[in-house]
A.B. asks: 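First the structure, which I've put down as structure tokens, then a few questions once you've had a look.
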Amino acid sequence: MTKISKDTFTFLEELIANNNREWFNTHKHRYEQAKQNALDFTEELLVGIKKIDPSIPEDLQAKKCVLRIYRDVRFSKNKAPYKSNIGISISSDGRGGTLPGYYIHIEPGKSFVAGGYWMPEAHHLKAIRQEIDYNTSDFLDIIEAKAFKNYFGGLSTEDQLKNAPKDYPKDHPYIHILKLKSFICSRSFTDEEMASENMINTLLEGMKLIYPLNKFIKEAILQ
């Protein structure tokens, strides 16, 4: 089974310490090796996720999922030209789309898997909240399932409004969910875990739990 190479982590560690074009160009062959490692890893991951989520296109390839390492610094105070991670984004509408999906983040000391819908557009956010309000029990069955909570600890509460959203009373029994601005879950991994032989199976275990959340959200915004 393909795994993330320790050489990939070593390259990223050195890139963090030398985030400039001169160093990167000198070590570009190492970046290409790390990128190929991520592509091989993603190809194997795609075989599994396509069995879990039938909305993932059968012809989706790893090269469409592994994100560019080059940063867009035009509107950022941080002018470092390269990301310090390798990101893998998988969804039914392709990389960087506007539907819920799955994300794997590979970075020394900061690796994780995540899923759901991060910061949806206003009309999508409204539709998701409405669907949760109408079908609360179905949503709770997903996020309060024992396996989901054991793997992710629950739904992330990092992005949320201070006050109740428009059209919902502040004493709504599930206002803590309706105040969310993102509907995501995540789990962190150590470098050793991320580079382990069984990591693809571990990630697919999480993606299988993410799938019902993504399906609920997708049905809310596409109906």
Side-chain angles (χ1 to χ4, degrees), residues 1-5 8-9 12 31-32 34-72 83-107 110-121 124-125 128 142-143 145 147-148 151-153 155-156 158-159 182-189 191 193-222:
M1 186 167 285
T2 305
K3 65 177 184 177
I4 297 300
S5 168
T8 295
F9 277 105
L12 290 172
Y31 163 64
E32 295 296 343
K35 181 181 178 181
Q36 188 60 53
N37 180 212
L39 288 168
D40 293 342
F41 185 82
T42 304
E43 283 292 357
E44 195 162 339
L45 196 62
L46 282 170
V47 173
I49 191 62
K50 288 172 184 176
K51 295 177 182 177
I52 294 169
D53 187 340
S55 73
I56 303 299
E58 190 59 39
D59 61 351
L60 182 63
Q61 298 179 352
K63 63 183 180 181
K64 294 292 186 181
C65 302
V66 176
L67 306 180
R68 286 166 50 86
I69 201 165
Y70 306 96
R71 295 182 64 248
D72 184 351
K83 299 173 185 175
S84 57
N85 65 81
I86 295 174
I88 303 167
S89 179
I90 302 171
S91 78
S92 56
D93 64 339
R95 177 177 61 195
T98 56
L99 289 177
Y102 312 85
Y103 177 72
I104 297 93
H105 187 91
I106 303 165
E107 181 175 6
K110 298 179 181 180
S111 297
F112 63 88
V113 61
Y117 198 164
W118 182 73
M119 299 298 284
E121 299 174 6
H124 281 177
L125 183 56
I128 296 166
I142 297 168
I143 66 169
F148 186 91
Y151 192 101
F152 294 109
L155 204 63
S156 172
E158 185 176 340
D159 299 316
S182 292
F183 298 88
I184 58 173
C185 54
S186 68
R187 174 176 170 171
S188 298
F189 297 103
D191 296 354
E193 288 172 326
M194 200 71 208
S196 68
E197 294 278 359
N198 200 47
M199 195 60 207
I200 284 179
N201 286 335
T202 300
L203 291 173
L204 289 173
E205 178 188 345
M207 290 175 166
K208 190 173 182 178
L209 298 169
I210 292 169
Y211 171 63
L213 174 64
N214 284 352
K215 187 172 183 287
F216 183 97
I217 294 172
K218 196 180 299 183
E219 289 175 351
I221 63 181
L222 295 180

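The residues of the chain are indexed from 1 along the displayed sequence. The figures that follow rest on heavy atoms only: side chains count, while hydrogens, waters and symmetry mates do not.
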A.B. asks: Can you establish whether the number of heavy atoms outside K35 located under 6.0 Å from its atom NZ is more than 12?
C.D. replies: no

A.B. asks: Without hydrogens or angle criteria, can the side chains of S84 and K110 be said to hold a donor-acceptor pair below 3.5 Å?
C.D. replies: no

A.B. asks: Using a distance-only test with no angle check, is there a side-chain donor-acceptor pair under 3.5 angstrom linking T2 and D40?
C.D. replies: no

A.B. asks: Quick check for you: to the nearest 0.5 Å, what is the distance between F9 atom CZ and D191 atom CG?
C.D. replies: 4.5 Å

A.B. asks: If only atom types and distance count, is the side chain of D159 paired as donor or acceptor with the main-chain N or O of S182 below 3.5 Å?
C.D. replies: no

A.B. asks: Is there a donor-acceptor contact under 3.5 Å from the side chain of N214 to the main chain of G116?
C.D. replies: yes

A.B. asks: Can you label the angle between the F112 ring and the Y103 ring as parallel, tilted or perpendicular, going by 30° and 60°?
C.D. replies: tilted

A.B. asks: Donor-acceptor pair, K50 side chain versus I56 backbone, under 3.5 Å?
C.D. replies: no

A.B. asks: Determine, using ring centers only, whether Y102 and Y211 are less than 6.0 Å apart.
C.D. replies: no

A.B. asks: Check whether K83 reaches the backbone of R68 with its side chain - one donor and one acceptor, N or O, closer than 3.5 Å.
C.D. replies: yes

A.B. asks: Atom CE in M199, atom CG in N201: separation rounded to 0.5 Å?
C.D. replies: 10.0 Å

A.B. asks: Looking at E158, I'd like to know if its CD atom is crowded, meaning that more than 12 non-hydrogen atoms belonging to other residues, nucleotides or ligands lie closer than 6.0 Å.
C.D. replies: no

